[in-house]
Amino acid sequence: MKNSERVLEIDMPLTELILTENIPGLGAEADVVKVRRGYARNYLLPHGKAHEVTPGALRQIDALKQKRAEREARELNEAEELARRIGKARFVFTLETGETGKAFGSVTAQDIMNRIKNELGAEIDRHKIVLERPIKDTGEHEVTIKLHHDATAQLVFQVKSAEEPRDRGAEAESAASDEPGKRKKPRFFHRKKEEKKETE
């Protein structure tokens with residue numbers, strides 16, 4: 001038996017394990033997975049993330065399934081709560097624009113992720129933000145965020161130009177200051193002349 005097992009080890013580099021916790025890309029608690037022996041020996045088994053498939057380990061599968069159900073329910077509740085908070089949030093992003101009104105910058109998934117982290121205190125993977133290309137247009141935008149396979153959030157936000165308020169404000173100020181300035185100068189000189197006449 002031992003010799004045949006050694007032959008199998010050489011011929012079959014994979015081994016079967018029962019996962020004891022959720023490992024993205026591999027499986028979740030109670031899943032029986034096939035992995036490379038080196039991965040099992042060097043990482044999964046020493047870190048307690050999996051057990052070898054033995055009669056004793058198979059008896060623990062029900063407990064692992066219960067653990068998995070509790071974790072999945074907790075993750076769904078957390079995702080739904082975050083989805084509600086994201087739905088209520090109203091962010092404003094400001095883009096630098098040139099004289100023609102063309103935006104130099106853009107709003108990316110990374111920008112949205114950072115704003116959610118800073119304003120809502122929630123860390124999400126930027127790959128969960130459904131954004132085909134960076135946003136370069138001003139106005140209102142809406143993006144979908146896949147927080148969980150059963151929970152998505154809709155984030156509505158405004159994109160404004162950094163130049164618009166300044167230009168309009170500067171034009172209004174210069175228009176307001178020009179007219180009174182022209183009127184004040186003649187009045188000022190007029191008064192001076194009057195004062196001189198009175199002293200003479």
Minimum side-chain heavy-atom gap [X]-[Y] below 4.5 Å:
X	Y	answer
Ile145	Leu82	no
Leu19	Lys49	no
Asn22	Arg68	no
Val156	Phe91	no
Val130	Val143	no
Val33	Ile18	no
Pro13	Arg37	no
Ile135	Thr108	no

Just checking, any donor-acceptor pair under 3.5 angstrom between side chains of Glu29 and Thr20?
no

Is a donor from one side chain sitting under 3.5 angstrom from an acceptor on the other, for His127 and Asp125?
yes

Can you confirm whether more than 12 heavy atoms, excluding those of [X], are under 6.0 Å from its [atom1] atom?
X	atom1	answer
Arg59	CZ	no
Lys67	NZ	yes
Glu142	CD	yes
Glu81	CD	yes

Side-chain donor or acceptor of Arg85 paired with backbone N/O of Leu120 under 3.5 Å
yes

Is a donor on one side and an acceptor on the other found under 3.5 Å between the side chain of Asn42 and the backbone of Gly38?
yes

Point-to-point distance, once rounded to the nearest 0.5 Å, from [atom1] of [X] to [atom2] of [Y]:
X	Y	atom1	atom2	result
Ile116	Ile129	CD1	CD1	5.0 Å
His149	Lys146	NE2	NZ	13.0 Å
Arg126	Ile112	CZ	CD1	11.5 Å
Glu80	Thr152	CD	OG1	10.0 Å

Is the NZ or CZ atom of Arg115 positioned over Phe93's six-membered ring, under 6.0 angstrom from the centre and within 45° of the axis?
yes

For Tyr43, give me all partners under ring pair (Phe, Tyr, Trp, His ring centres under 6.0 Å), at least two apart in sequence or on another chain.
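Counting only residues at least two positions away or on another chain, Tyr43 forms a ring pair (Phe, Tyr, Trp, His ring centres under 6.0 Å) with Tyr39, His47.
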
